[in-house]
Every structure is written in structure tokens, then in C-alpha cells.
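The structure appears right after this line, and notes come after that.
Fair warning: this is a prediction, and the values are worked out from it, not measured in the lab. In this chain, numbering begins with 1 at the start of the sequence shown.
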Amino acid sequence: MAANMNMDEQAKMEMVAGLEIEMMTDMYNRMTNVCQKKCIPTKYREAELNKGEAICIDRCVAKYLEVHDQIGKRLTALSMQDDAMNKS
């Protein structure tokens, strides 16, 4: 029976890891698309990013990552509260 629980717990951990990878991939793709549309004109004038484009992309990515971090922390806190309520 204990081996079954370990297998169930391992399967849950693998599922969570897979979901996390999927979520990070989705966030990266959305961030890339949004920041590119916002910061880089559709008609390229030069092969390299100019200073304004590079700064815009840097800020856009920083904002996305900051929001992602805040959401992750909030979801973790909510999950811990939910677990505490379920154990009571």
C-alpha cells in the first residue's frame, strides 16, 4: 500500500512538473509576441535593434516576469490556505 502511495505521489509530482513547463512555455510565447508587437515595428529599418527598441523590450520582459512572479506567489499562498482549510 505504501508503494502505491509513493507511485501516486510521484505521478502527481510529474504531472505538476509537466504543467509548470507548459505554463512557462505559454508565458514565454505570449511575452515574446506581446513585447515584439509593442516594441519592434513591422517594417525593419535595420538588422539590429536600436537603443529604443532594446530598452522597450527589456522593460516589457521585466514587467512580464514581475507580474508572473507576483501571480505565482499569490497562487502559492492561496494553495497553502486551501490545504490548511482542508486539513482542519
Atom pairs and distances, side-chain donor-acceptor, residues 11-25, under 3.5 Å, sequence neighbours left out:
unit_1: E14; atom_1: OE2; unit_2: Q10; atom_2: NE2; d: 3.4
unit_1: T25; atom_1: OG1; unit_2: I21; atom_2: O; d: 2.8

Item checked: Set of residues satisfying side chain to side chain contact (heavy atoms under 4.5 Å, CB included) with respect to V61, sequence neighbours excluded -> M31, C35, I57, L65
Checklist line | Remaining members of the apolar cluster that contains I55, side-chain heavy atoms under 4.5 Å | finding: none
Next item on the list: Not counting sequence neighbours, which residues clear salt bridge (charged side-chain N to carboxylate O under 4.0 Å, His left out) with R59? List them please.
Entry: none
Margin query: Would K73 and T76 count as a side chain to side chain contact (heavy atoms under 4.5 Å, CB included) here? Give the steps.
Written below: CA-CA 5 Å; K73 287 177 182 176; T76 299; 5.7 Å; no
With a 3.5 Å cut-off and sequence neighbours excluded, list the donor-acceptor pairs that the side chains of residues 36-53 form with protein atoms.
unit_1: N50; atom_1: OD1; unit_2: G52; atom_2: N; d: 3.0
unit_1: N50; atom_1: OD1; unit_2: E53; atom_2: N; d: 2.8
unit_1: E53; atom_1: OE1; unit_2: N50; atom_2: N; d: 3.0

Notebook entry, point to check: With no hydrogens and no angle check, is any side-chain donor or acceptor of S79 less than 3.5 Å from a backbone partner on L75?
Noted result: no
Item checked: Partners passing side-chain hydrogen bond (donor to acceptor under 3.5 Å, both in side chains) against N29 (at least two apart in sequence or in another chain) -> none
